Structure formats: C-alpha cells, structure tokens
Protein chains: 2
Amino acid sequence: MFSKACEYGIRASIFIAEQSLLDCKVSLKDVADAIESPAAYTSKILQKLSKSKLINSDKGPTGGFSMDKTQLEQVKLSTIVYAIDGEAIYNGCGLGLKNCNASKPCPVHDQFKVIREELKKMLESTLVKTLAVDLEKGLTFLKR
Amino acid sequence: MFSKACEYGIRASIFIAEQSLLDCKVSLKDVADAIESPAAYTSKILQKLSKSKLINSDKGPTGGFSMDKTQLEQVKLSTIVYAIDGEAIYNGCGLGLKNCNASKPCPVHDQFKVIREELKKMLESTLVKTLAVDLEKGLTFLKR
DNA sequence: CTAATAATGGATAAATTTATCCATTATTTA
DNA sequence: TAAATAATGGATAAATTTATCCATTATTAG
C-alpha cells in the first residue's frame, strides 16, 4: 500500500510526536531504535520530513528531532504520506493507466474510486498527534 | 496499491475474458498490444495465471490464451491479485509490522482494518467477466 | 577556542522489481 | 515428416527502491 520509506516515515513521526508531547527531543538513533528501522535510511526520510517542515531538526549536542505545538496540531497521516510517496495513492489509477478518469475510465475505475476516497478521508482525518497519544498510553506499538 | 505485475495481470485477464466471451483465443502479442505492456514481461505473468488455472494456454498454431465457461464464472479480481501479489494486501500491516494484530496493534491498525476490509469485499465481489462485458460495450478502456 | 555531539549530504552498494533475450518444447497444418 | 507457430523457461539486464558509509557542517558545553 505504502512504500517502505513511507511506513518508516509514519512510524517515526508518531514516535517523535509522542516524545514531543513529553517535551523530549530525540536523536536519529532514538528513532531508529524505537521503530526498528535502518538508521541511515531513516535519516534520509527524516530529512525529507524536516525539509517539508513537518518536523524540526536541530544539529549539535542537545540537537535532535521534534515537533512543535503547531506541527502537532496540523500534521496528519495524509501530510506525511504526501511528503514521502506523493499523490499517486490519491490520484493514480488502480490499474496504472495514465489517463484514467470518469470520461475514459479503466475497468475498475468506479470500484477503486470508493476505496481511494475512503482511504483519503481516513488519512486526512487522522492527526499524528492523536496516534501518539494512544502510543503513549500503551494502547498501540511501533515495533515487530 | 498493486505491483506493476499485478496491474498487467488484471488488465490482461480482463482482455482475455472479453475475447473469450467472443469465442476468440488471443496470442501473447495480442494481449501486450491490447494493454500496452512489455510482451516478455507479460508472458511471465500469464504463465503464472495459467499455472494457477485462472486462464488456459495452448501452444502451437491456433494456440493462445483463453478462459473457459468455468473460469469466466469463477475468476474474480481477488483471485488474480492473490495469484500475483499474494495475501499481503489483505493481511499485511499498513505500517509494515510483522506481528500487528488486535491484541498488539500498530497505531493505525483499526483505521486500516476498515479500508482493507472494504477493498477485500470489493475485490471478492467483482468478477473479471463482468468487467470484460463493460469493456466489450466500450464503456471502459485498457490503455493510456 | 577546542572537543564532542548530532544532523546533513553525497557517493555507493545491496536487494527487489521490472523488463529483455533466446533457445526449447509443444502443436498444427501442409 | 517438415515447416511454421506460439507458449515456456532460463539466463541476464535495466531500473527502482532500500540500505550503508563517511566526510562535512552546525551547534553546544567546557
């Protein structure tokens, strides 16, 4: 459904959000340990999220990754997915056709439309912060 | 959402079904032309569908690919997807966790469950034959 | 100012997916 | 039986995604 990079990105941002709610900055290593991902690869993904202003990053000692109040209020799953995987999941044709649309539909156009809209609605209505709260409560998990 | 191989597989099987409804066998080249896919790669996918008994293939002159009555009645989108991409799309965790389940859920377990079940229901209730009928009527398209 | 820390960015490498090539096998027709 | 046809299967190659390595930059504390 999502690329591995996107999966890592979502898990990482939920962890960073959780720690930010506790007023903690986290290092790359903290993130990689928390979500069991390859550190160097995760680094690239966090750079992307950082450049898209979805998370903050600071260099040097006391540095690390974090999310501020505004980011915690605004960043949704859809924001992360869009930053990493782009819009393909929203607009792409289920069968890979370039010009699939209502007036020249692929054979599963209508069927997929329903699913995609459902998915979109879900991603756009889910704040990373909300997921972080459940994680902090121990209701959900980021590894295995 | 699906692999490229699976997209080709679905499009190919809809085309083969359409032609079979018109009592026509089609060659590899016919298929590749109809769905605008690389022929040799498509060949591998058709072999897989053929070995899974979702389509028939015959060698030699007058040979080609086809679907018989039984196959036309039984093959659904879910059948094709399962044969090519396996069950990951049904059972896999949205965030890539190995042991994500109701008692140890990932942060988006419940949200994804709804979407996946919706998708599953759709794939399992859609006969390739039905899609082929619409294609034959000129209501849908397999290229571009 | 120096040493230590942590993210950054560029270059590579490994793994996987997608795609191609070609010799072989099976089948049909003449 | 020979020639032509069409799928098959194995080997390889190209492209993309995932992953690693390391030197550099920015920042902080002493």
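Proteins come first, then strands; the chains are lettered A, B, ... in the order of their sequence lines, and each starts at number 1. Since this is a predicted model, take the numbers as computed values, not measurements. Heavy-atom basis, side chains included; hydrogens, waters and symmetry copies ignored.
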Gap between atom CD1 of A/Ile84 and atom OH of A/Tyr8 - 0.5 Å precision | 12.0 Å
Atom OH of B/Tyr41 and atom P of D/dA13 are separated, to the nearest Å, by 18 Å
Roughly how far, to the nearest 0.5 Å, is CZ of B/Phe141 from CG of B/Leu135?
-> 8.5 Å
To the nearest 0.5 Å, how far apart are CZ in A/Arg11 and CD1 in A/Ile16?
-> 13.0 Å
Take atom CG of B/Leu46 and atom C1' of D/dG9, then tell me their distance rounded to the nearest Å.
-> 14 Å
Under a cut-off of 3.5 Å for both distances of each Watson-Crick or G-U pair, what dot-bracket string does DNA chain D give, using [ ] for crossing pairs and | for inter-strand pairs?
-> ||||||||||||||||||||||||||||||
Hey, does the side chain of B/Tyr8 come within less than 4.0 Å of C/dA19's phosphate (OP1/OP2), counting only N and O?
-> yes
So, is A/Lys51 close to the C/dG9 phosphate, meaning a side-chain N or O under 4.0 Å from OP1 or OP2?
-> yes
So does A/Glu7 pair up with A/Lys4, basic N to acidic O under 4.0 Å?
-> yes
d(B/Thr79 OG1, B/Gln74 CD) to nearest 0.5 Å is 8.5 Å
Is any side-chain heavy atom of A/Ile115 closer than 4.5 Å to a side-chain heavy atom of A/Gln111?
-> no
Could you state the CD1-P distance from B/Ile45 to C/dT18, rounded to the nearest angstrom?
-> 8 Å
Who pairs with A/Tyr82 by ring pair (Phe, Tyr, Trp, His ring centres under 6.0 Å), at least two apart in sequence or on another chain?
-> none
Nucleotide N/O to protein N/O under 3.5 Å, stretch nucleotides 3-7 of chain D:
from  : atom 1 : to      : atom 2 : distance (Å)
D/dT5 : O2     : B/Pro61 : N      : 3.4
D/dA6 : O4'    : B/Gly60 : O      : 3.2
D/dA7 : OP1    : B/Leu28 : N      : 2.9
D/dA7 : OP2    : B/Leu28 : N      : 3.4
D/dA7 : O3'    : B/Ser57 : OG     : 3.3

Considering all heavy atoms, the nearest B/Cys100-B/His109 contact | SG-ND1, 3.1 Å
Between B/Leu28 and B/Ala39, what is the shortest heavy-atom contact and its length?
-> CD1-O, 3.5 Å
note: B/Phe2, atom CZ; C/dT17, atom P; distance rounded to Å ~ 16 Å
Between C/dA19, C/dG10, D/dT18, which nucleotide gets closest to the side-chain atoms of A/Lys44?
-> C/dG10
Spacing of A/Lys25 atom NZ relative to C/dT5 atom C1', expressed in whole Å = 12 Å
